[in-house]
Amino acid sequence: MRLKNVPGARDAIEKSDICIKDPERFKGKWKSEIFKNDNPLHIEIGMGKGRFIMELAAKNPDINYIGMEMYSSVIYRGIQKYEAEENPPRNLVFLCFDATDITEVFDTEEIDRIYLNFSDPWPKDRHAKRRLTSDRFLKKYDVILNKSGHVEFKTDNVSLFDFSIDSVKENGWNIDGLTRDLHHDDVMNKGNIMTEYEQKFSEAGNPICKLVFSR
Ligand code: SAH
């Protein structure tokens, strides 16, 4: 998702309290300095316009949430949505940041859960390392994720899903849950929160795949 040249996006990010600037400052200190509690910390990488993480945060006030998105034009939409809420969740912040450098922002085992929703498929082989379930990213998640934590990944892209299953297994992670038709899987769909892309793609008739994995 990339929205070109949204006027005012960078300025709005600068002014917004919900969007944390220079996040490297808080490495190892997210709970104590940003959330000021000791609740679990869950992040979404590639939050897009943020519908999923906003709804999740509102439902789970005892969990801290961080939504990460690399494009200012996209995160700007999330900020607008957050600021338009009458009672926006206080257990949520946003980072305009590229997850390639995620270990600069989070310390060893600082995170309790990672959500990846409808990550860019990068279909060309030569771009495979940019996929958020590639070897390169799994090694970084292995550092920042608590040993008892897990990753939840949803996509409608079957090639990316198959690639991800192989990648996860090759990197020694365990598969805790797998479905190729989430919305017809009563167990895995329980409490499911739809993302913007999930709504769009399922309305177009694409089944949604979901993978849960841990070490
Ligand atoms: N999760 C949303 C958006 C999916 S589109 C939804 O399901 O509706 C994927 C999003 O991930 C895009 O907005 C893209 O900019 C973001 N993204 C891709 N690679 C990223 C990276 N390395 N770091 C942070 N965000 C990334």
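What you see below is based on every heavy atom in this structure, not just the backbone, and it leaves out hydrogens, waters and symmetry mates. Just follow the structure's listing: the first ligand is 1, and inside any ligand the first atom is 1.
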Handout entry: For ligand 1, the portion of Phe97 having any non-hydrogen atom under 4.0 Å away
Key = backbone

Handout entry: Of Lys81, Arg51, Arg77, Lys154, the residue whose pairing with Glu196 passes salt bridge (Lys or Arg N to Asp or Glu O under 4.0 Å)
Key = Lys81

Handout entry: Polar proximity ligand 1 side, Met68 side, N/O cut 3.5 Å exclusive
Key = no

Handout entry: Derivation and outcome, side-chain hydrogen bond (donor to acceptor under 3.5 Å, both in side chains), residues Asn157 and Thr155
Key = CA-CA 5 Å; Asn157 187 302; Thr155 184; 5.4 Å; no

Exercise for the section: Please report the shortest heavy-atom distance between Trp173 and Leu138, naming the atom on each side. Expected result: CZ2-O, 3.5 Å

Practice task
Look only at interatomic distance and state if Tyr71 has a nitrogen or oxygen under 3.5 Å from any nitrogen or oxygen of ligand 1.
Solution key: no

Problem - Gap between atom NZ of Lys31 and atom CD of Glu110 - 0.5 Å precision - result: 8.0 Å

Handout entry: N or O pair under 3.5 Å between Met70 and ligand 1
Key = yes

Practice task
Considering non-hydrogen atoms only, spot the tightest contact between Leu145 and Asp112 and give its length.
Solution key: CD1-C, 3.8 Å

Handout entry: Asp98 N/O to ligand 1 N/O under 3.5 Å
Key = yes

Problem - For Thr195, atoms of ligand 1 separated by under 4.0 Å from a heavy atom - result: 6 (C), 7 (O), 8 (O)

Exercise for the section: Identify the two heavy atoms, one from Ser214 and one from Asp176, that lie closest to each other, and give their separation to 0.1 Å. Expected result: OG-OD2, 2.7 Å

Fill in the blank from the handout: So for Met47 against ligand 1, with non-hydrogen atoms under 4.0 Å, the contacting part is backbone

Problem - Ligand-side contact atoms (ligand 1) for residue partner Glu196, heavy atom cut-off under 4.0 Å - result: 8 (O)

Handout entry: Electrostatic pair Arg130:Asp120 at N-O distance under 4.0 angstrom
Key = no

Fill in the blank from the handout: A student checking ligand 1 against Gly48 at a 4.0 Å heavy-atom cut-off should list atoms 3 (C), 13 (O)

Problem - Polar atom proximity, Ala99 to ligand 1 (N or O, under 3.5 Å) - result: yes

Practice task
Please indicate whether any nitrogen or oxygen in Thr100 is less than 3.5 Å from any nitrogen or oxygen in ligand 1.
Solution key: no

Exercise for the section: Output the distance between atom CH2 (Trp122) and atom CG (Leu132), rounded to the nearest 0.5 Å. Expected result: 10.0 Å

Fill in the blank from the handout: The answer for which part of Tyr197 has a heavy atom under 4.0 Å from ligand 1 is both

Exercise for the section: Assess Glu44 for proximity to ligand 1: is some non-hydrogen atom of it under 4.0 Å away? Expected result: yes

Problem - Distance filter under 4.0 Å to Asn117 heavy atoms, resulting ligand 1 atoms - result: 1 (N), 2 (C), 4 (C), 7 (O)

Handout entry: Geometric N/O contact Ser119 with ligand 1, under 3.5 angstrom
Key = no

Exercise for the section: Compare every heavy atom of Ile34 with every heavy atom of Val93, then report the nearest pair and how far apart it is. Expected result: CG1-CG2, 4.0 Å

Fill in the blank from the handout: Minimal heavy-atom distance between Phe26 and Glu33, with the atoms involved, is CE2-OE1, 3.7 Å

